[in-house]
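Computed from a predicted structure; not experimentally measured. Order of the sequence lines fixes the chain letters, A, B, ..., with proteins taken first and strands second; residue numbering starts at 1 for each chain. Computed from heavy atoms alone, side chains included, the values below leave out hydrogens, waters and symmetry copies.
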Amino acid sequence: MLNPSFLDDEKLPEAERVSVLKEVFHRNIRLKQIQRLAGLLAPVVGGTLPANLLIYGASGTGKSVTCLHFLETLKTMCSTKDVPLRYFYVDLTTPRTCFGAFNELAIALDGSTRRYRKGIALEHMQEKIIAALGAIEGFCCILIDEADNITTDSDIFLTFLAKTLPKRVPVRIFYVFLTNRIEWEKNLDPRILSVLKKQDMIFEPYDAMDLIEILRLRVEKALDVKKVEETAIRKIAAYASRETGDARKAVELLAKAVKVAEETTGLLSEAEVDSAEHSLEVDKTEELIASLAVQQRLALQACYTGLRHQKGKLSTGAAYEWYRRVCEDEGAQALTQRRFSDMVSFMDLYGLLNARVASKGRYGKTREISSSLPQKLVKSMLVSQDT
DNA sequence: ATTCCACCGGAAGGGGCGGGCC
DNA sequence: GGCCCGCCCCTTCCGGTGGAAT
């Protein structure tokens, strides 16, 4: 491995990240999307305010990077025509409250890195934002990533964007909202929608060909190309595109496969990819188990201890008995069966076990709980929790 | 057809706590 | 920093349910 950081975006310095992205776009990936963006936002070059834009697309389809890249080009185009354009990026990737959203916006606008103290009145934040925008002229694009991620009072935030802000500042603003939830628009206040006067656009997931290009680029940057088989890349792309077409996942899988290859043959072929796929799945499950709440972990532990003693299926009642015993051992307060029942359905939902309701006629109706995890994982879980 | 088992899963209400707001 | 309200977790209560048994 020559330069492993190219397999992990988090570790890549900003400048490198940008140059990698440039190359992605040079290879004509996302070309269609860029052309559509251009079609919709082009008016600004001629000095007209374009409509606001709402972009849908699953995560990992390159919405953010494509938009950032495009806005950068748009900016240079504008400057050759003497149209002043600035753009700001508001990242709501992690859920924010209404206040938090204002905070992010303020940070993006005034360039400060520190977050504003919480406990400041909302109006104060709004004034800050207005002041920052009041200082600039011409056009301004605000790119709001994961706009659906505002947990509370998103109406207030959006109303401010749509109504208050344009009135209070001289700069002419247009927005680009990114979201991966198609139904977001539906739970918005229709009045806000009408003010926004927006246009929609959809980002298709990457197809296998796109992913192959992206992976090749990473391989060229990060690895000794001779040690990577073309078929392996294709396989990764196939895995990723079959699932969601998420480029991040594809790169993640590549990284894992490289790790596997390093530990074994030193050569990256299809076999390593398969093995990486598998171990990635195990990692995810372990992570999921580790992140469970205490009670849920106890319940899970109880189910699998029960299943060990009684092969096959377990009824809710029996599982609950095990659970009470486990709780006693651990010195924890056992919850009610009602709650336990909910936890079982929860864990079924997350694939940590199978639980389907079945009627046993005269002998009642219950969930049949059975294992859905590989034996190895179950063992390591029970061992690690016995300690 | 009826009974009845062993739970399901909705509703309502209590209580603790953490985040929003000043 | 401190207060307060909303949310989440939990319990209690209870009507509902599919199909073996009778």
Report task. Kindly say whether, by distance alone, the side chain of A:S359 makes a donor-acceptor pair under 3.5 Å with the base of C:dG18? Result -> yes
Requested in this report: Ignoring backbone atoms, test whether A:S315 places a side-chain nitrogen or oxygen under 4.0 Å from the OP1 or OP2 oxygen of B:dC7.
Outcome: yes
**Report entry** Side chain of A:Y363 (C-beta onward), nearest among C:dA20, C:dC13, B:dC8
**Finding:** C:dA20
Report task. Would you kindly give the CD-to-P distance between A:Q337 and B:dA6, to the nearest whole Å? Result -> 12 Å
**Report entry** Whole angstrom value for the distance that separates P of C:dG18 from CD of A:E368
**Finding:** 16 Å
Report task. Tell me which of A:G361 and A:S345 sits closer to the 5' end of DNA chain B, going by the nucleotide each one is nearest to. Result -> A:G361
Query raised in the report: Considering only side-chain heavy atoms of A:T336, which listed nucleotide, B:dG10, C:dC10, C:dT11, is closest?
Result: C:dT11
Query - Nucleotide C:dA21, atom P - distance to NZ of A:K360 in whole Å - result: 12 Å
Query raised in the report: Given atom CD of A:Q296 and atom P of C:dC8, what is their separation to the nearest angstrom?
Result: 14 Å
Query raised in the report: When you look at A:D145 and A:K63, which way does the salt bridge (charged side-chain N to carboxylate O under 4.0 Å, His left out) test go after all the steps?
Result: CA-CA 9 Å; A:D145 202 349; A:K63 297 187 297 291; 5.8 Å; no
Query raised in the report: With a 3.5 Å cut-off and just heavy-atom distances, do the side chain of A:R367 and the base of B:dG9 make a donor-acceptor pair?
Result: no
Report summary line: Nearest-nucleotide check on DNA chain C, A:R362 vs A:K365; residue mapping nearer the 5' end is A:K365
**Report entry** Partner of A:Y323 by side chain to side chain donor-acceptor pair (under 3.5 Å), out of A:Q337, A:Q301, A:Q295
**Finding:** A:Q295
Requested in this report: Determine whether the side chains of A:S59 and A:R248 contain a donor N or O and an acceptor N or O closer than 3.5 Å.
Outcome: no
**Report entry** Rounded distance (Å) that lies between atom P of C:dT12 and atom CZ of A:F340
**Finding:** 17 Å
Query raised in the report: Roughly, in whole Å, what's the span from CG in A:D342 to C1' in C:dC8?
Result: 13 Å
Query - Electrostatic pair A:D342-A:R338, nearest N-O below 4.0 angstrom - result: yes
Requested in this report: Rounded off to whole Å, could you give me the CE-to-P distance for the A:M343 and C:dT11 pair?
Outcome: 9 Å
Query raised in the report: Side chains of A:E104 and A:Y89: donor-acceptor distance under 3.5 Å anywhere?
Result: no
Report task. Round to the nearest Å and state the distance from A:F346 atom CZ to C:dC10 atom C1'. Result -> 16 Å
Query raised in the report: Would you say A:R339 reaches C:dT11's phosphate, i.e. side-chain N/O to OP1/OP2 under 4.0 Å?
Result: no
Query - Distance below 4.0 Å between A:T366 side-chain N/O and B:dA6 OP1 or OP2 - result: no
